[in-house]
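Worksheet: the structure to be examined is printed underneath.
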Amino acid sequence: MASASPVYRASTPDEVDALHRLVLSSLDDDQAVDTISIPLAGKSSIADHMVIASGRSTRQVASMASKLAEKIKGELGRSTRIEGLPTADWVLIDAGDVIVHLFRPEVRSFYNLERMWAFGDAPPAPPPAAGQA
C-alpha cells in the first residue's frame, strides 16, 4: 500500500496565520455553529491550531468540509487530507498547521474534544461539597 503524501507544514508564522484565518472565515461563511479555535503551538507537535465546529446536519458538515478543502487548495495551494466525509457525522480535515474537526452537534457533545484538548486552560472543577468526598 502506498503511503499518502504528507500534508504541507508552513515554514513561517504568516503562512500559519493565513491558513488559520482562511479556515475560520470559510466556516463563518458556511454558517458553522459554535466554532472554537484551540491554540496548540508549543503544546503539541501535530499542528499549531485545532478548530472545532458543528453543522446542523450531515449535509451541511459535508458541504463545509468540501468547500474548506477547495478554498485551501485554491487560495493557498495546499493539499489537505479528509477523513469521515462519506458519513459526515465527524469530518477531520488535516491542513498541516491547522486541524479541523466538523461535527453534527450530537456527535460533538459525545466526544467533547474541547475538554480533551483544554491543556488546563479551563477552570478546575470545584471541590466536592462537605461530606461528599
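When a residue number appears, it is its place in the shown sequence, counting from 1.
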Could you measure the distance from the [atom1] atom of [X] to the [atom2] atom of [Y]? Nearest 0.5 Å is fine.
X: Arg104; Y: Thr58; atom1: CZ; atom2: OG1; answer: 7.0 Å
X: Lys71; Y: Thr80; atom1: NZ; atom2: OG1; answer: 13.5 Å
X: Glu75; Y: Ser26; atom1: CD; atom2: OG; answer: 8.5 Å
X: Ile52; Y: Asn112; atom1: CD1; atom2: CG; answer: 8.5 Å
X: Asp48; Y: Glu15; atom1: CG; atom2: CD; answer: 11.0 Å
X: Leu92; Y: Glu83; atom1: CG; atom2: CD; answer: 6.5 Å

Check for me, please, whether [X] and [Y] land in the same ILVMFWY cluster - side-chain distances under 4.5 Å, paths through other members count.
X: Val107; Y: Ile93; value: no
X: Ile72; Y: Leu102; value: yes
X: Leu22; Y: Val100; value: yes
X: Leu68; Y: Ile99; value: no
X: Val51; Y: Met116; value: no

Return a table of donor-acceptor pairs under 3.5 angstrom between the side chains of residues 30-42 and protein atoms on other chains or two or more places apart.
| unit_1 | atom_1 | unit_2 | atom_2 | d |
| --- | --- | --- | --- | --- |
| Ser37 | OG | His20 | NE2 | 2.7 |

*Which pair of heavy atoms, one from Val91 and one from Ala65, lies closest together, and at what distance?*
CG1-CB, 3.6 Å
_Applying side chain to side chain contact (heavy atoms under 4.5 Å, CB included) to Leu76 and Leu19, what does each step give before you reach the verdict?_
CA-CA 8 Å; Leu76 302 176; Leu19 174 60; 3.8 Å; yes
*For the pair Ser66 (side chain) and Ala62 (backbone), establish whether a donor and an acceptor sit closer than 3.5 Å, ignoring hydrogens and angles.*
yes
*Heavy-atom donor-acceptor pair, Ser109 side chain to Glu106 backbone, under 3.5 Å*: yes
*Output yes when Asp28 and Arg21 qualify as a salt bridge under the 4.0 Å nitrogen-oxygen rule, no when they do not.*
no
*asked:* For Arg78, is there an ion pair with Asp97 - N to carboxylate O distance below 4.0 angstrom?
replied: yes
*In this structure, which one of Arg108, Met50, Glu114 forms a side chain to side chain contact (heavy atoms under 4.5 Å, CB included) with His101?*
Met50
_My understanding is that only residues two or more places apart in sequence, or in another chain, count here; which of them pass ring pair (Phe, Tyr, Trp, His ring centres under 6.0 Å) with Tyr111?_
Trp90
*Applying side chain to side chain contact (heavy atoms under 4.5 Å, CB included), run through Asp89 and Val61 and close with a yes or a no.*
CA-CA 7 Å; Asp89 286 329; Val61 168; over 6 Å; no
*side chain to side chain contact (heavy atoms under 4.5 Å, CB included) between Phe103 and Leu113, worked out*: CA-CA 11 Å; Phe103 290 98; Leu113 291 185; 3.6 Å; yes
*asked:* Going by side-chain contact (heavy atoms from CB on, under 4.5 Å), name the residues that satisfy it together with Ser57, two or more places apart in sequence or in a different chain.
replied: Arg59, Gln60
